Number of protein chains: 2
Amino acid sequence: MSAPAKPLSNKPLSKQRLRLWLRMLSAHRGIEMHLREQLRLSHDSTLPRFDVMSALDRYRDGLRMSDLSARLKVSNGNVTGIVERLASEGLVERVAVDGDRRAMCVRLTPAGIDRFADMARNHETWVNDRLSAFTEDELITLITLLDRIGEIHE
Amino acid sequence: MSAPAKPLSNKPLSKQRLRLWLRMLSAHRGIEMHLREQLRLSHDSTLPRFDVMSALDRYRDGLRMSDLSARLKVSNGNVTGIVERLASEGLVERVAVDGDRRAMCVRLTPAGIDRFADMARNHETWVNDRLSAFTEDELITLITLLDRIGEIHE
DNA sequence: GAAATTTATTTCAAGCATAAAATATCAAGT
DNA sequence: ACTTGATATTTTATGCTTGAAATAAATTTC
């Protein structure tokens with residue numbers, strides 16, 4: 001691939017894995033900070049709300065609270081709070097589930113669908129900009145390697 | 001390098017960069033969740049506290065609050081709160097700065113140094129475990145590529 | 001059919017995180 | 001020497017996040 005080869009380090013592998021983790025933290029942090037600020041300035045919104053709307057956009061029929069929680073890998077209580085705030089803005093609505101009075105289904109409202117489309121367009125531009133340093137080959141390399149992190153532990 | 005080549009996608013680059021960002025999110029999320037739980041169970045501590053102690057461990061003479069904030073890429077107010085809790089546990093201490101009565105220097109106490117050494121040993125093992133799927137070549141590839149994310153925006 | 005167990009969601013307490021305001025202090029300008 | 005502007009940290013309001021408890025409802029067991 002196109003990443004320039006470096007002399008192999010004499011550090012133990014565990015130290016190099018630690019270093020990778022620090023790089024991942026820093027890379028993630030930088031992009032996250034950028035996206036948060038852009039969402040706040042351009043859409044008066046937040047990353048967690050964007051994430052919830054993104055999940056719901058992919059499931060227009062709606063998702064149960066626990067499904068949302070599972071997909072976003074956040075606690076049920078957190079999802080309750082974020083959904084509450086989105087509902088108060090009229091961007092999502094809670095719908096009762098047939099046959100299970102415990103459960104609640106959440107879906108985007110028409111206003112939410114419009115708002116999300118707008119945010120998603122900008123979001124893709126911002127991410128594209130932050131990751132513009134990579135060629136297609138490098139993107140494939142990174143995606144393939146990062147996929148492996150989840151494989152043996154999930 | 002060793003990452004298997006895949007057929008080039010016909011998706012536009014912006015979509016592939018979005019996909020990379022989602023992989024980065026997922027990879028980071030999984031490791032973060034694991035480390036948080038392990039720190040809580042083994043040391044009754046948290047990732048932000050660990051991060052603060054880690055920064056202070058590298059500067060045994062201490063860091064000013066704003067330096068800590070800059071290194072960790074978090075707000076000054078957040079650092080104030082985390083340091084307050086570490087200080088209440090006797091793990092760090094605040095020291096006045098000569099010549100500047102506004103500033104405050106924070107450093108690890110002897111107890112904090114001991115505690116951090118213990119945590120850091122475990123932390124390295126946990127990270128090593130989570131990233132064990134990568135060979136040395138792959139680690140170098142990932143680190144080199146991820147370094148590029150910060151380069152053009154910082 | 002009733003009791004026990006499990007499940008879905010909300011509530012709660014605590015920690016973390018931001019952005020902005022407040023406060024005290026330092027440095028620069030006049 | 002005084003005024004103005006900049007800086008360091010804390011405080012504040014708000015949002016997010018966890019893990020656990022509380023509550024209501026469904027399922028399983030007997």
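The structure presented is a predicted model; accordingly, all values stated were derived computationally and were not measured. Proteins get letters first, then strands, A, B, ... in listed order; numbering begins at 1 in each.
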Is a donor on one side and an acceptor on the other found under 3.5 Å between the side chain of [X] and the backbone of [Y]?
{"X": "R71(A)", "Y": "L68(A)", "value": "no"}
{"X": "T141(A)", "Y": "D137(A)", "value": "yes"}
{"X": "Q16(A)", "Y": "K11(A)", "value": "yes"}
{"X": "S69(B)", "Y": "V74(B)", "value": "yes"}
{"X": "R148(A)", "Y": "A133(B)", "value": "yes"}

For R29(B), look at atom CZ and say whether over 12 heavy atoms of other residues, nucleotides or ligands are found less than 6.0 Å away.
-> yes
Basic-acidic side-chain contact under 4.0 Å: R94(A), E84(A) | yes
Does the distance from a Lys or Arg side-chain N to an Asp or Glu carboxylate O, for R85(B) and E89(B), drop under 4.0 Å?
-> no
Grab the CE-P distance between M53(A) and dC16(D) for me, whole Å please.
-> 13 Å
What's the CZ-C1' distance between R64(B) and dT9(D), to the nearest Å?
-> 12 Å
Mind listing the residues from residues 82-107 of chain A sitting with a heavy atom below 4.0 Å of DNA chain C? Number order is fine.
-> R94(A), R102(A), A103(A), M104(A)
Is T80(A) touching bases, backbone alone, or none of the nucleic acid, heavy atoms closer than 4.0 Å?
-> base
Nearest 0.5 Å, please: how far is [atom2] in [Y] from [atom1] in [X]?
{"X": "H34(B)", "Y": "R130(B)", "atom1": "NE2", "atom2": "CZ", "result": "5.0 Å"}
{"X": "L13(A)", "Y": "L18(A)", "atom1": "CG", "atom2": "CG", "result": "12.0 Å"}
{"X": "E138(A)", "Y": "R17(B)", "atom1": "CD", "atom2": "CZ", "result": "9.5 Å"}
{"X": "L25(B)", "Y": "L20(B)", "atom1": "CG", "atom2": "CG", "result": "9.5 Å"}

Among residues two or more places apart or on two chains, list those pairs meeting side chain to side chain donor-acceptor pair (under 3.5 Å) that have a residue in residues 108-119 of chain A.
-> D118(A)-R121(A)
Hey, what are the protein-to-nucleotides 18-21 of chain D N/O distances that come in under 3.5 Å?
| from | atom 1 | to | atom 2 | distance (Å) |
| --- | --- | --- | --- | --- |
| dT18(D) | OP1 | R29(B) | NH2 | 2.5 |
| dT18(D) | OP2 | S75(A) | N | 2.6 |
| dT18(D) | OP2 | S75(A) | OG | 3.1 |

If you walk 5' to 3' along DNA chain C, what is the first nucleotide with an atom under 4.0 Å of a heavy atom in chain A, and what is the last?
-> dT7(C) to dA20(C)
Below 4.0 angstrom from OP1 or OP2 of dT9(D), is there any side-chain N or O of S66(B)?
-> yes
Note down the inter-axis angle between the two ends of the helix from dG1(C)-dC30(D) to dT30(C)-dA1(D), five pairs each, to the nearest 10°.
-> 10°
Output a table of nitrogen or oxygen pairs between the protein and nucleotides 1-4 of chain D separated by less than 3.5 Å.
none

side-chain contact (heavy atoms from CB on, under 4.5 Å) evaluation trace for R107(B) with D61(B) = CA-CA 6 Å; R107(B) 66 186 181 205; D61(B) 290 336; over 6 Å; no
Walk me through it: do H123(B) and Q38(B) pass the test side-chain contact (heavy atoms from CB on, under 4.5 Å)?
-> CA-CA 8 Å; H123(B) 179 267; Q38(B) 295 295 332; over 6 Å; no
